[in-house]
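Data block below; observations after.
Residue indices begin at 1 and follow the sequence shown. We count ligands from 1, going down the list as the structure has it; atoms in each ligand are counted the same way.
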Amino acid sequence: MRIATLPAPDDFDAWRDAARALAAAEVPPDAVVWQVGDAPVDLFAAAGDADAAPAAAPAGFSVPRGFIDLARSVVMANDPERFALLYTALFRLRREPRLVEDHADPLVRRLEVLAKNVRRDIHKMRAFLRFREVEEEGGASRYVAWFEPEHHIVRANAAFFVNRFAAMRWSILTPEVSLHWDGKALSEGPGASKADAPEGDPTEEVWKTYYASIFNPARVKIGAMLKEMPRKYWKNMPETALVPQLIAGAQARESGMIETARSSVGGNVQAAWEALRDEAAACTRCHLYKHATQTVFGEGPVDAAMMFVGEQPGDQEDLAGTPFVGPAGQVFNRAVAAAEIDRTRVYVTNAVKHFKFEQRGKRRIHSKPDTGEIQACRWWIEQEQMLVRPQVTVALGATAARSLLGRTVTIGRERGRAIALPDGGEAWITVHPSYLLRLPDEAQKQEEYARFVEDLKLAKAALRD
Ligand code: URA
């Protein structure tokens with residue numbers, strides 16, 4: 001029997017290293033015991049087998065990207081069997097390379113359910129965590145929140161909170177681990193108890209804008225809402241008093257009895273979006289605002305089921321203040337129409353909201369945004385996503401994909417399939433229309449354009465009615 005000891009309950013990399021080495025050594029799943037401990041990783045400390053060393057992955061065995069994505073989520077599930085289940089799947093993948101596509105397979109189904117529960121918990125933490133202000137020595141403010149996740153998702157959410165509340169000093173306390181942000185660096189501490197967190201009213205100003213942007217009343221489904229917002233979270237939320245009204249509004253809408261309720265509730269989302277757009281007009285989160293003419297914010301209906309994300313405005317968009325109106329926009333419009341998507345019913349935006357260029361004589365030449373600029377601008381796209389809550393988001397090109405998924409993406413590998421997003425929506429990745437414009441060979445251009453349209457059709461087909 002092998003004992004694989006992982007250093008933390010959510011440590012995907014440690015699981016992957018251990019699993020790869022075990023698979024390479026042909027260790028069958030039922031001969032491995034997985035455990036999480038404080039001890040340093042000691043993956044092969046099986047009794048009587050002290051010299052077993054991690055081996056390289058077997059030649060020719062490549063793990064599909066879809067499995068890696070699934071495993072990254074599953075590792076965070078609060079299920080003691082998760083590591084063993086994943087290892088069983090990995091072991092089978094060597095003979096069944098398309099295993100993860102078999103959604104009827106009981107193991108795959110079980111892993112998918114675990115991943116979905118984890119994603120939902122990630123989203124809940126983002127939506128329902130509440131800070132309370134405390135005064136530290138010297139009079140500085142710190143914002144402290146208590147949260148009890150169901151899964152091991154706290155570390156995975158750290159970057160989200162750093163991004164959103166970069167200018168505040170905050171601590172998030174949870175039973176398993178605590179996170180502390182001092183405005184510059186993130187540190188981790190031991191778990192805490194609810195008694196360690198301050199009582200009292202949550203800090204309303206911090207949440208007013210935030211809440212308006214995450215709660216899209218136009219999408220309220222009562223059953224889902226009660227499931228999504230268990231009472232244990234309600235007591236932490238200043239806006240809880242609004243919930244019965246929102247539910248009543250949703251009921252009225254669902255029964256179709258009070259048509260005006262729809263427009264007044266929908267109006268709130270529109271107003272929140274307008275406030276966001278106005279705020280973005282003054283954005284100085286990175287240096288790009290200094291040379292661009294204006295912020296080019298997203299446009300389209302706030303209740304769109306489909307969102308498109310481009311890279312950044314081009315020369316013409318910068319002058320017009322509207323996304324996708326230049327040459328790439330024309331290709332985009334043509335392809336959208338060819339895929340039978342109603343352009344007026346979709347929300348179109350960019351990963352980066354200011355035009356980045358190099359001045360050459362009179363011409364302004366497009367220059368690719370770097371990781372820091374994409375990261376700085378994620379603030380806006382996340383807000384747009386939370387407001388619009390599209391079922392399907394199509395990332396046009398690698399910059400958009402990086403912004404949406406928070407990692408480097410190889411388009412050729414990821415196009416043509418759905419990638420689950422933490423808010424329950426789906427991302428679809430395809431090429432950027434300007435890539436098509438740049439292709440020198442006419443035949444290849446036609447071919448790639450047809451593929452682009454096919455990608456858009458697939459994304460459209462993923463929409464629920
Ligand atoms: N390219 C983009 O990515 N977005 C635009 O708005 C225009 C060109």
Cation-pi between R142 and F131: NZ/CZ under 6.0 Å from ring centre and within 45° of the ring axis? no
the protein heavy atom lying closest to atom 4 (N) of ligand 1 turns out to be N350 OD1, 2.7 Å
Ring-face cation of R364 near F357 (centre distance under 6.0 Å, axis angle within 45°):
yes
Exercise. Taking the inter-plane angle between the rings of Y347 and W273 on a 0 to 90° scale, is it parallel (under 30°), tilted (30 to 60°) or perpendicular (over 60°)?
Worked result: perpendicular
Using only heavy-atom distances, determine whether the side chains of E442 and Q446 contain a donor-acceptor pair under 3.5 Å.
-> yes
Per-atom filter on ligand 1: closer than 4.0 angstrom to a heavy atom of P323 are 6 (O)
The answer for which part of E317 has a heavy atom under 4.0 Å from ligand 1 is side chain
Any heavy atom of Q312 under 4.0 Å from ligand 1? The part involved is backbone
Note: ligand 1 atoms sitting under 4.0 Å from heavy atoms of H432 are 1 (N), 2 (C), 3 (O)
Quiz prompt | Full working for ring-ring contact (aromatic ring centres under 6.0 Å, His included) between F308 and F324 | solution = CA-CA 10 Å; F308 287 88; F324 283 105; 8.5 Å; no
For a quick check under 3.5 Å, do E426 and T393 share a side-chain donor-acceptor pair by atom type?
no
Ligand 1 to G310, heavy atom cutoff 4.0 Å, flagged ligand atoms 3 (O)
Atoms of ligand 1 under 4.0 Å from any heavy atom of E311, numbered from 1 in the order shown, are 2 (C), 3 (O)
